[in-house]
Amino acid sequence: MKITILCVGKIKEKYLRDGIGEYTKRLSRYCKLDFIEVPDEKTPDGASETTELQIKKIEGDKLLKYMKDGDYVIALAIDGKMLDSVEFARKMETLGIQGVGHVIFVIGGSLGLSGDVLQRADYKLSFSKMTFPHQLMRMVLLEQIYRGYRINTNSPYHK
């Protein structure tokens, strides 16, 4: 299976780049993993709701360009379905059994994802009702994908 992490913005912190690199290396034995980063838009201090919606639309349009027919798109969204690690592993396994060849996980910028991206998504996934930095979510997502593969292969790691 091919997995793409499609996200807004670049990773600036070395510790996050290191962690992402580690999970990328671990996942290389299970899947083909790609990253696509689209530039984030500057959000002025005290931006109005209208301005924020415009920014999300611009970022969303950039993200949508990378989604093709046949791709299974999972948007990370606070109002998405919460799964435990075993349920997430089963979800990924089921997609493979159903013949899904390409899964795209979409992580929005600091304002979240546009309505168009959420509408295009085949599935909305939430990691928590809490808000996390979008850069940190990349590493958390990769760790959960790795954990899922380990669960599905009955390999030690998941506790």
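Nothing here was measured: the structure is a model prediction, and the numbers come from that model. If you read the sequence from its start, that first residue is 1, and numbering goes on from there.
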Less than 4.0 Å between a side-chain N and a carboxylate O, is that true for Arg26 and Glu22?
-> yes
Looking only at heavy atoms, the pair that brings Gly60 and Ser114 closest together is CA-OG, 3.6 Å
Hey, is Asp122 close enough to Lys124 for a salt bridge, meaning N to O under 4.0 Å?
-> no
Interatomic distance, Arg120 atom CZ to Leu113 atom CG [nearest 0.5 angstrom] = 13.0 Å
For Val117 and Lys56, run side-chain contact (heavy atoms from CB on, under 4.5 Å): C-alpha distance rounded to whole Å, both residues' side-chain angles, the deciding distance at 0.1 Å, then the answer.
-> CA-CA 10 Å; Val117 171; Lys56 287 198 305 189; over 6 Å; no
Salt-bridge present (Lys62, Glu59; N to O < 4.0 Å) = no
What is the distance from atom NZ of Lys32 to atom CD1 of Ile3, rounded to the nearest 0.5 Å?
-> 11.5 Å
What residues, two or more places apart in sequence or in another chain, satisfy ring pair (Phe, Tyr, Trp, His ring centres under 6.0 Å) together with Phe88?
-> none
Ring pair (Phe, Tyr, Trp, His ring centres under 6.0 Å) contacts in which one or both residues fall within residues 25-67, not counting sequence neighbours = Tyr30-Tyr149
Taking all non-hydrogen atoms of both residues, which atom of Leu118 and which atom of Ala77 are closest, and how far apart?
-> CD2-CB, 3.9 Å
Ion pair Asp61/Lys57, N-O distance below 4.0 Å = yes
Would a 4.5 Å heavy-atom cut-off, applied to side chains only, mark Val103 and Met1 as touching?
-> yes
When rounded to the nearest 0.5 Å, the distance separating CG of Asp18 from OH of Tyr23 is 12.5 Å
